[in-house]
Amino acid sequence: MVLDICAAARSVPSFPVERSLKLGEVAAARQAASLRLSWVTLFLRAYGLAGIDIPELRQVYSKYPWPRIYEHPWSVASLSIHRDDPDGGKRLIWARIDALEDKPLLEIQRLLHHAVHGPIEDVFKNGLKLECLPTPLRRLSWWLCMNWQGRQKAKKIGTCSVSTLASVDTLNRGHPLIMTSSIAYSRCDEAGDCLVTLLCDHRVLDGILAAQALHRIEYHLTHQVVDELKSL
């Protein structure tokens with residue numbers, strides 16, 4: 001699956017935009033909340049709300065039957081998750097969460113917990129089936145999802161993703177991009193500053209929109225997400 005994603009990402013003209021977000025208030029509210037929520041959950045919630053403000057975050061590019069941009073009604077997030085393989089090894093799986101803008105923090109956290117701890121054959125069922133196919137059939141399936149019908153691309157691959165190594169104090173700003181955008185973020189420092197990278201598909205987003213998206217993500221983190229944390 002990793003090799004298939006790397007192959008598919010070669011067709012995406014991607015570029016990164018970075019900004020240091022002031023998240024001290026968010027960190028304090030998260031620390032004081034009665035329930036411990038993951039930073040991934042907080043970023044997903046803000047990401048979905050930013051998709052309302054900037055519809056391009058919900059758009060995907062497809063080439064066939066003619067080149068066009070499709071706008072999905074809601075944000076669909078794809079999450080790369082490091083899991084223990086049932087056979088005793090290590091592997092990556094991918095999980096999807098639909099309609100981020102409509103889900104409260106607790107619901108996103110519940111779905112994230114299931115993706116991280118639920119049975120792999122349940123969380124990653126379609127992916128496991130795809131991995132069993134011969135390489136030519138897998139690559140054909142990926143090509144169809146990436147290039148044919150934007151609606152299917154948004155549903156099956158996603159409009160956005162989060163890939164983070166902040167838990168091990170590392171920033172992976174250059175991971176492969178197959179969606180319209182993807183976030184990577186560092187651990188917050190003592191001042192509450194967090195370096196966030198937004199990888200973008202240049203066929204859909206330009207630098208100004210990407211910068212505005214980071215501003216809107218920060219705004220929603222420091223306003224609506226903080227309010228939700230304080231209400232727990």
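Residue indices begin at 1 and follow the sequence shown.
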Checklist entry - Sequence neighbours excluded, which residues qualify as side-chain contact (heavy atoms from CB on, under 4.5 Å) partners of Arg10? => result Ala7
Checklist entry - Does the side chain of Val2 reach to within under 4.5 Å of the side chain of Ile5, using non-hydrogen atoms? => result no
Checklist entry - Do Tyr47 and Ile183 come close enough that some side-chain heavy atom pair is under 4.5 Å? => result yes
Item to check | Nearest-0.5 Å distance that lies between atom CG in Asp227 and atom OG1 in Thr222 | outcome: 9.5 Å
Checklist entry - Regarding His175 and Ser182, is there a side-chain donor-to-acceptor distance under 3.5 Å anywhere? => result yes
Item to check | Side-chain touch Arg19/His215, heavy atoms, less than 4.5 angstrom | outcome: yes
Item to check | Met179 vs Val60 side-chain heavy atoms within contact, under 4.5 Å | outcome: no
Next on the checklist: My understanding is that only one of Ile97, Ile81, Leu112 makes a side-chain contact (heavy atoms from CB on, under 4.5 Å) with Val40; could you say which?
Outcome noted: Leu112
Next on the checklist: Quick test of your reading of the model: are Glu101 and Arg45 salt-bridged, counting only N-O distances below 4.0 Å?
Outcome noted: no
Next on the checklist: With a 4.5 Å cut-off on side-chain heavy atoms, are Tyr61 and Pro13 touching?
Outcome noted: no
Checklist entry - Can you list the residues that meet the side-chain contact (heavy atoms from CB on, under 4.5 Å) rule with Asn126, with sequence neighbours excluded? => result none
Checklist entry - For Trp148, what are the other residues in its hydrophobic cluster, where any two members join if their side-chain heavy atoms are less than 4.5 angstrom apart? => result Tyr64, Leu140, Trp143, Leu144
Checklist entry - Which residue pairs satisfy the salt bridge (Lys or Arg N to Asp or Glu O under 4.0 Å) criterion with at least one member in residues 160-171, sequence neighbours excluded? => result none
Next on the checklist: Has Thr41 got a side-chain atom pairing as donor or acceptor with Leu37's backbone, closer than 3.5 angstrom?
Outcome noted: no
Checklist entry - Under the salt bridge (Lys or Arg N to Asp or Glu O under 4.0 Å) rule, what pairs show up with a residue in residues 171-188, not counting sequence neighbours? => result Glu18-Arg173
Next on the checklist: For Tyr185 and Phe43, take the angle between the two ring planes, folded into 0 to 90°, and tell me which bin it lands in: parallel under 30, tilted 30 to 60, perpendicular over 60.
Outcome noted: parallel
Item to check | Under 3.5 Å: donor-acceptor pair, side chain of Ser75, backbone of Ala99 | outcome: no
Next on the checklist: Could you tell me if the side chain of Val17 sits less than 4.5 Å from the side chain of Thr197, heavy atoms only?
Outcome noted: no
Item to check | side-chain contact (heavy atoms from CB on, under 4.5 Å) evaluation trace for Lys153 with Cys145 | outcome: CA-CA 5 Å; Lys153 182 178 181 180; Cys145 281; 5.7 Å; no
Item to check | His117 and His113 aromatic ring geometry - parallel, tilted or perpendicular at 30°/60° bounds | outcome: tilted
Item to check | Side chains of Asp201 and Ser181, donor plus acceptor under 3.5 Å | outcome: no
Item to check | Intermediate values then yes/no, side-chain contact (heavy atoms from CB on, under 4.5 Å), Lys155 and His72 | outcome: CA-CA 9 Å; Lys155 289 179 62 178; His72 205 54; 3.8 Å; yes
Checklist entry - Are any side-chain N or O atoms of Glu228 and backbone N or O atoms of Leu105, one a donor and one an acceptor, separated by less than 3.5 Å? => result yes
Checklist entry - So which pairs with a foot in residues 111-131 pass salt bridge (Lys or Arg N to Asp or Glu O under 4.0 Å), sequence neighbours left out? => result Arg91-Glu131
Next on the checklist: Would Arg96 and Trp94 count as a cation-pi pair here, with the cationic atom under 6.0 angstrom from the ring centre and within 45° of the axis?
Outcome noted: no
Checklist entry - Strictly by modelled atom types, are Arg36 and Gln109 linked by a side-chain donor-acceptor pair under 3.5 Å? => result no
Item to check | Heavy-atom side-chain contact between Leu111 and Lys103 under 4.5 Å | outcome: yes
Checklist entry - Out of curiosity, Ser14 OG to Leu177 CG, how far, rounded to the nearest 0.5 Å? => result 5.5 Å
Checklist entry - Tell me, do Ile54 and Gln212 make a side-chain contact under 4.5 Å, heavy atoms counted? => result yes
